[in-house]
Amino acid sequence: MVGSAKHVQRLVGIEISASTINAAVIGENDAVVVTRSVPVNDAESAVSQLIELARELTDEFDGFERIGVALPGLVDRPSGRVAYSANIPKHSEVDLVNEIRAATNLSVSIENDANAAAYGEFRLGAGRGSQNIFYATLGEGVGGAFIFNGLVWRGASGFAGEFGYVTINSGRMKLEEVASAANIIRRTRARLHQDSTSSLNRIDEEAITLTDIIAAAEKEDDFAQMMLERTGMYVGTAIAGVINLLNIEKIVVGGEIMQAKHLVLDAITARARELSFKPAFESTSMAEGGLGVNAAAIGAALISGQPV
């Protein structure tokens, strides 16, 4: 009708983790209108915080009817429930979709956080322009996701991409056990006494964080650099398997550890080159994620706008 205001479709995505809730609003032409981040008070109140944030965004941005939620764990898409979550076990005990829908009057879709982040990177980040990518996320947990021909590939039961469960040696050690934030910190603390010159010795051992390790490495602390490089080698070992099996077009690495940028990515690339079938490796490109901490929220928003 002449003179009527143009309706602007906005998509909203919210990622919930054990420590943080990140939100993103997507506007016209896939433009990221705003991002928000709030710390989780405690696991019991996380869903309530998510609902409160969703309501705030509803009040601020009129005109959206759907919300996408990204979270860690296995998502059973037919039932719309979390089948299993190691990081937030409570999520498998409740009907999150109906709980959020009842509180906000919004249509709700949920997605595994790695799948959401992969789709966000594919559409708006480091994977843009590719049709087939593998996305690895290294943070509170270790996850992975595939995009094939522009679509998230979930596998026969919806549980594809459990990168953290890939075994990386004959002792049945899983990638999650050495490359998640908690396990990088654990390995660092276990070896710290062997290097009295490391600047990390100035920090109380129990207080060391991944951010501390990365900061030390960036200041050329040899011990911190070694710990990150070894982490990259473990990840590169697993990524070589992806390259050899799938001849994937592009690999994108995101998550908290990518604050270290080249310190980890260079080690991943070197190890993957060493263990990969050369022609397959040479046809694969590797990149750091471009959306940072907002990747999963952005991807959840974009997925929520797709036809069911």
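Fair warning: this is a prediction, and the values are worked out from it, not measured in the lab.
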Side chains of [X] and [Y]: closer than 4.5 Å at any heavy-atom pair?
{"X": "Thr237", "Y": "Leu275", "result": "yes"}
{"X": "Thr35", "Y": "Asn22", "result": "no"}
{"X": "Ile147", "Y": "Asn132", "result": "no"}
{"X": "Asp113", "Y": "Leu71", "result": "no"}

With a 4.0 Å cut-off, would you call [X] and [Y] a salt bridge?
{"X": "Lys250", "Y": "Glu121", "result": "no"}
{"X": "Glu218", "Y": "Lys261", "result": "no"}
{"X": "Arg271", "Y": "Glu274", "result": "yes"}

Looking at the rings of Phe163 and Phe134, which for Trp means the six-membered one, are their centres under 6.0 Å apart?
yes
Counting distance only, does the side-chain N/O of [X] pair as donor-acceptor with the main-chain N or O of [Y] below 3.5 Å?
{"X": "Thr209", "Y": "Asp212", "value": "yes"}
{"X": "Asn183", "Y": "Ser180", "value": "no"}
{"X": "Ser17", "Y": "Ser19", "value": "yes"}

Mark yes when over 12 heavy atoms from residues, nucleotides or ligands other than Glu220 sit less than 6.0 Å from its CD; otherwise mark no.
no
Are there over 12 heavy-atom neighbours, none belonging to Phe148, within less than 6.0 Å of that residue's CZ?
yes
Less than 3.5 Å apart, any donor N or O on the side chain of Ser304 or Arg66 sitting next to an acceptor on the other?
no
